[in-house]
Amino acid sequence: MILHHLMARNLFVVSLLILSLVFNSCTAHSWRNNSSLDDVGPRCEPSSHPFGLCKTRAAAFGYPCEDHMVTTEDGYILSLKRIPHGVSNSTQNTTRIPVLLFHGLMVDSVSWVLGTPKQSLGFILADGGFDVWFANTRGTNSSRNHTSLTPDDPEYWNWTWDQLAAYDLPAVLQHVYDHTGGQKVHYIGHSLGTLIILAAFSEHRLLHLVRSAVLLCPIAYLYKTKSKLTRLATQILLAEAFHFLGYREFNPVGPVSHEILLIICGDPEIDCYDLFTAVMGPDCCLNASTVCNFLQHATQSTSIKNLIHMSQMIRYEGVRRYDYGNAKENMKHYSQPSPPLYNLSSIPTHVPMFLTHGGQDFLGDVPDTRHLLKTLVRTHDSDNMEVLYVPDYAHADFVIGYNAPQLVYGPMVDFLQRH
């Protein structure tokens, strides 16, 4: 009854909790009739050994791979992976332009190399002559160290994507810049990885380190999300409730997800027969084995506070800093009664950008993405802005779609080579 009362009040978090059930199985599950629906092919085989980008994925295909560690200004020790060149282009004297890949919410860098070398963006870029770097945000499996805290300390999880933009992003970009001879870096972000670079650019930060920015499924405005499941949850304040009860880390494969699903899926308006689609949209082009790899190995923890911040973005229009819930607390942090906006219209017009989005994406939905485009394209230099719309694509297609190399990565690499 208490949980049911709490469920009567949040949004984005419920979507993530529901998605976490999908993470436990490659096959969507019906919570009404206890049957399985084969939406992505055969059921995934259990795996007791999580993939590592260097030791398993890169090594399996013969790619060189390096482990780097970066310490942020606020003390988080992040893992940064590097594939310095492809399998057949290892000439030592060749200068390669660095590319930094920044993953989305509740996954890590292994999501970029889950397919074959001809399917995975990380390998495609390395074979295309780039020096490829892979970020891992605080809280993910390989980035759980801190100079003075442990993940068991509540303070370790006291952050949102504000801090990812302010600390994680500049730390890894500066490291890549310094270790590649002071070369500006091509930045490629997916989902949450797009939000943090837009936030930084809106404050005119990191421009001296970035050569261009590629935004896959850009997340900024979230007010018109298409998911019925998400729309129904707009009034729920579940993340705030968990935070109030003392929870600080959100593990997407935690046991609480099951109980949440049993309640949410009792609503006849919510389609729980295909959870993957209900949360992210109907992906058109997923390979069963790659999806299984993704669901088994890429899912990672984030902070409850980060989920609260994402929920706030859906409840209110605009892109703004974390709202502490009352004028007094906001004054303490921001010297004003409401959280400041990230003014995306202030992003410098000379920054080369490649933005691609899908017509079936429930998270980076078309109306919100068009609002972002109007903000960016209106004054942006036409030679420095390229937009690619893929009508059949949903959220995951851009990272693990079997035809993404032809539809998205080819035009994207052409863009990088021109800039």
Can you check whether G193's main-chain N or O pairs, donor with acceptor, with Y187's side chain at less than 3.5 Å? yes

Are any side-chain N or O atoms of D108 and backbone N or O atoms of H103, one a donor and one an acceptor, separated by less than 3.5 Å? no

For the backbone of A288 and the side chain of Y402, can you confirm whether one donor and one acceptor N or O come within less than 3.5 Å of each other? no

C54 versus Y63: any side-chain heavy-atom pair under 4.5 Å? no

State, without any angle test, whether T137 and D168 hold a side-chain donor-acceptor pair at a distance under 3.5 Å. no

Chi angles and distances behind the side-chain contact (heavy atoms from CB on, under 4.5 Å) call for M412, E386: CA-CA 9 Å; M412 183 190 71; E386 187 168 330; over 6 Å; no

Hey, are the side chains of E66 and P84 touching, using non-hydrogen atoms and a 4.5 Å cut-off? yes

Do Y167 and Y76 make the cut of ring centroids closer than 6.0 angstrom? no

Can a donor-acceptor pair be found, under 3.5 Å and without considering hydrogens, that links the side chain of N136 to the backbone of S79? yes

Side chain to side chain, N293 and V110, heavy atoms closer than 4.5 Å: no

Which value, rounded to the nearest 0.5 Å, describes the distance between L164 atom CG and I197 atom CD1? 12.0 Å

What do you reckon, are the aromatic ring centroids of Y316 and Y223 less than 6.0 Å apart? no

By ring-ring contact (aromatic ring centres under 6.0 Å, His included) - contacts of H68 (at least two apart): W133, H175, H179

Please tell me whether Q300 and N141 have a donor and an acceptor in their side chains that are separated by less than 3.5 angstrom. yes

Do any pairs count as a side-chain hydrogen bond (donor to acceptor under 3.5 Å, both in side chains) and have a residue in residues 189-206, sequence neighbours left out, and if so which ones? S191-H395, E203-R205, E203-R321

For H309 and W161, which I'm curious about, is there any donor-acceptor pair between the side chains at under 3.5 Å? yes

For the residue pair N403 / Q406, report whether a side-chain donor-acceptor contact shorter than 3.5 Å exists. no

Does K332 count as lying over the ring of Y324, i.e. NZ or CZ under 6.0 Å from the six-ring centre, within 45 degrees of the axis? no

May I ask you to check if R57 and F51 form a cation-pi contact, with NZ or CZ under 6.0 angstrom from the six-membered ring centre and within 45° of the axis? yes

Main-chain N/O of H371 paired with T375 side-chain donor or acceptor, under 3.5 Å: yes

Residues E329, N326; criterion side-chain hydrogen bond (donor to acceptor under 3.5 Å, both in side chains); working and verdict: CA-CA 6 Å; E329 284 298 311; N326 61 73; 5.5 Å; no

Where the side chain of N384 meets the backbone of H350, is there a donor-acceptor pair that is under 3.5 Å apart? yes

Look at the rings of H357 and Y389 and say which category their plane angle falls in: under 30° parallel, 30 to 60° tilted, over 60° perpendicular. tilted

Is a side-chain N or O of S111 found less than 3.5 angstrom from the main chain of V107, in a donor-acceptor match? no

Write out all pairs satisfying salt bridge (Lys or Arg N to Asp or Glu O under 4.0 Å) with one or both partners inside residues 144-153, taking only residues at least two apart or from two chains. R144-E249

Please collect all salt bridge (Lys or Arg N to Asp or Glu O under 4.0 Å) contacts where either partner lies in residues 118-133, sequence neighbours excluded, each pair once. R82-D131

Checking N306 against T302: is there a side-chain donor and acceptor pair closer than 3.5 Å? yes

W159 vs K305 side-chain heavy atoms within contact, under 4.5 Å: no

Taking G139's backbone N and O only, do any of them form a donor-acceptor pair with S143's side chain (distance below 3.5 Å, no angle check)? no

Between NZ on residue K184 and NE2 on residue H208, distance to nearest 0.5 Å: 9.0 Å

If you look at every heavy atom in P339 and N330, which pair is closest and at what distance? CD-ND2, 3.7 Å

Listing request: all salt bridge (Lys or Arg N to Asp or Glu O under 4.0 Å) pairs with a residue in residues 279-296, at least two apart in sequence or in separate chains. none

So, does Q312 use its side chain to make a donor-acceptor pair with the main chain of D323 at under 3.5 Å? yes

Backbone of D162 reached by a side-chain donor or acceptor of T160 within 3.5 Å: yes

Among F61, W112, F134, which one satisfies ring pair (Phe, Tyr, Trp, His ring centres under 6.0 Å) with F123? F61

Please tabulate, for the side chains in residues 213-222, all donor-acceptor contacts under 3.5 angstrom to protein atoms that are two or more places apart in sequence or on a different chain.
none

